[in-house]
Amino acid sequence: MRIHAFECGSMRPLGGRLWDGWTGGLGPAHLACRCLLAETEAGLVLVDTGFGLEDVTAPVPRLSRAFYHADRVHLEADETAIARVRQLGLDPRDVRHIVMTHLDFDHAGGLTDFAWAQVHVHAAEMAAARRREGAIGRGRYRPLQLAHPMREYSQPGPMWFGLPTIRGLEGLPPSIFFIPLPGHTAGHCGVALGTGDGWVLHAGDAVFMHSELDTPLRMPPLSAAYANVMQVDRAARLQSRAMLQELARQHGEEVTILCTHDPALPAQAGRRVSVSAGEGPVPARR
């Protein structure tokens with residue numbers, strides 16, 4: 001399985017390194033909206049979609065006006081998932097499946113660009129998106145992005161490196177499955193992909209920066225504050241992060257853990273992930 005990593009839009013909130021850990025001064029930070037594309041025997045498989053073409057052309061009301069301005073969302077047509085697929089020399093019509101870590105506006109905007117694809121999501125996440133409880137719920141789950149039919153899953157599967165799983169995603173190879181990592185949202189999941197020589201885990205927003213997996217943990221203060229604002233269950237979020245920290249400590253050679261918003265990839269990512277298409281503006285972290 002060949003896996004590509006690319007950004008599908010980004011967010012540029014003011015605060016520099018207080019957000020992303022590397023931008024000098026207090027100007028615009030760079031928070032990636034990182035997606036994965038896997039070339040499989042079942043066709044092309046996207047993990048998350050970032051922002052889509054319709055977000056570019058009409059950002060409001062597809063996005064919450066408050067989040068759009070506060071996060072300083074950066075939208076370009078050639079940074080959407082459908083454009084990234086074409087930049088790789090692949091046909092977007094070959095994207096057969098989309099596996100969602102969760103349904104926040106910065107992850108689900110490209111769903112409407114792939115109307116023919118089968119979308120897979122945790123049942124608890126879909127239920128939360130239907131409820132849209134409170135101001136945060138209404139801002140994060142955007143009906144215009146989420147009109148795509150989705151297959152919902154909740155049945156626990158065998159453990160994987162000590163983490164729970166949800167397997168049997170319809171039409172997908174058994175080497176692609178969910179790792180429930182709740183807390184940021186009710187049905188937030190990581191997505192595990194077996195490459196043949198190890199694993200890639202897209203951890204979504206269970207961690208905002210790869211440095212959260214370090215010992216001792218490091219997290220830019222504004223990202224930490226944003227994680228606290230967006231979480232639906234603090235205890236569950238911290239437990240999910242702790243599970244990822246343990247996975248990184250015990251199985252870092254076997255499993256490459258990626259997250260959505262860190263502008264840089266961990267140094268070991270290049271072993272299992274191609275970063276040639278539209279990755280971020282900074283080198284991989286050491």
Side-chain angles (χ1 to χ4, degrees), residues 11 13 19 31 33-34 47-48 63-64 66-67 70-71 99-108 119-143 145-146 150-157 159-167 169 177-192 201-249 257-262:
M11 297 181 288
W19 277 103
L31 300 181
C33 294
R34 181 171 294 109
V47 179
D48 286 349
L63 309 178
S64 154
F67 278 119
D71 292 338
V99 187
M100 297 299 298
T101 63
H102 61 302
L103 297 176
D104 275 1
F105 65 93
D106 51 333
H107 296 252
V119 181
H120 308 266
V121 66
H122 194 299
E125 185 67 6
M126 194 68 243
R130 292 189 186 104
R131 292 193 304 270
R132 301 183 72 216
E133 293 179 344
I136 296 293
R138 291 189 296 274
R140 78 190 321 160
Y141 297 125
R142 305 303 292 171
Q145 293 181 335
L146 302 178
M150 305 187 199
R151 293 193 185 276
E152 302 174 31
Y153 302 85
S154 60
Q155 184 66 34
M159 299 293 283
W160 175 80
F161 294 112
L163 276 69
T165 71
I166 296 174
R167 305 193 189 225
L169 306 189
F177 48 86
F178 286 122
I179 307 295
L181 296 169
H184 176 67
T185 65
H188 185 281
C189 289
V191 179
L201 176 63
H202 192 320
D205 291 358
V207 292
F208 271 58
M209 296 288 144
H210 296 116
S211 60
E212 293 178 66
L213 303 178
D214 292 346
T215 303
L217 177 155
R218 295 178 293 113
M219 190 176 186
L222 292 182
S223 285
Y226 192 74
N228 287 331
V229 167
M230 297 300 290
Q231 68 192 2
V232 299
D233 185 328
R234 178 173 176 77
R237 181 177 72 84
L238 297 182
Q239 177 60 30
S240 293
R241 184 171 70 180
M243 290 194 299
L244 291 175
Q245 291 168 333
E246 186 65 17
L247 178 68
R249 281 193 292 268
I257 303 173
L258 307 179
C259 66
T260 301
H261 295 304
D262 197 321

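Computed from a prediction, not measured in an experiment: that's the story for all the values here.
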Does the pair R130/E152 count as a salt bridge with the N-to-O cut at 4.0 Å?
yes

Compare all side-chain heavy atoms of [X] with those of [Y] and state whether any distance is below 4.5 angstrom.
{"X": "T185", "Y": "R140", "result": "yes"}
{"X": "P182", "Y": "D233", "result": "no"}
{"X": "P220", "Y": "W19", "result": "no"}
{"X": "P164", "Y": "M159", "result": "yes"}
{"X": "I257", "Y": "Q245", "result": "no"}
{"X": "M150", "Y": "L146", "result": "yes"}
{"X": "F67", "Y": "I136", "result": "yes"}

What distance do I166 atom CD1 and C189 atom SG have between them, rounded to the nearest 0.5 Å?
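Spacing of CD1 (I166) from SG (C189) equals 5.0 Å.
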
I need the L163 CG to F178 CZ distance, nearest 0.5 Å.
15.0 Å

Do you know the tightest heavy-atom contact between M11 and D71?
CB-O, 3.5 Å

Nearest heavy-atom contact between L181 and M243 is CD2-CE, 3.9 Å

Ignoring hydrogens and geometry beyond distance, is a side-chain donor-acceptor pair present between D104 and H184 at under 3.5 Å?
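Judged by distance alone, the side chains do pair up.
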
Can you check side chain to side chain contact (heavy atoms under 4.5 Å, CB included) on Q145 and L63, steps first, answer last?
CA-CA 9 Å; Q145 293 181 335; L63 309 178; 3.3 Å; yes

Check for me whether the distance between the ring centres of H261 and H107 falls short of 6.0 Å.
yes

Tell me if the centroids of the rings in Y141 and F105 come within less than 6.0 Å of each other.
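Between F105 and Y141, which both carry aromatic rings, the centre distance is not below 6.0 Å.
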
Please confirm whether the backbone N or O of [Y] pairs with a side-chain atom of [X], one donor and one acceptor, at under 3.5 Å?
{"X": "E125", "Y": "L103", "answer": "yes"}
{"X": "D48", "Y": "R34", "answer": "no"}
{"X": "R237", "Y": "G183", "answer": "no"}
{"X": "H188", "Y": "H102", "answer": "no"}

Once side-chain contact (heavy atoms from CB on, under 4.5 Å) is applied, do any residues pair with T165, and if so which ones, sequence neighbours excluded?
P158, W160, R167, F177, I179

With sequence neighbours excluded, what pairs up with H122 under the ring pair (Phe, Tyr, Trp, His ring centres under 6.0 Å) test?
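Partners of H122 by the ring pair (Phe, Tyr, Trp, His ring centres under 6.0 Å) criterion come out as none, since no residue qualifies.
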
Filter on salt bridge (Lys or Arg N to Asp or Glu O under 4.0 Å), then keep only pairs touching residues 211-227, sequence neighbours left out; what's left?
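Of all non-adjacent pairs touching residues 211-227, those that pass salt bridge (Lys or Arg N to Asp or Glu O under 4.0 Å) are E212-R241, D214-R218.
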
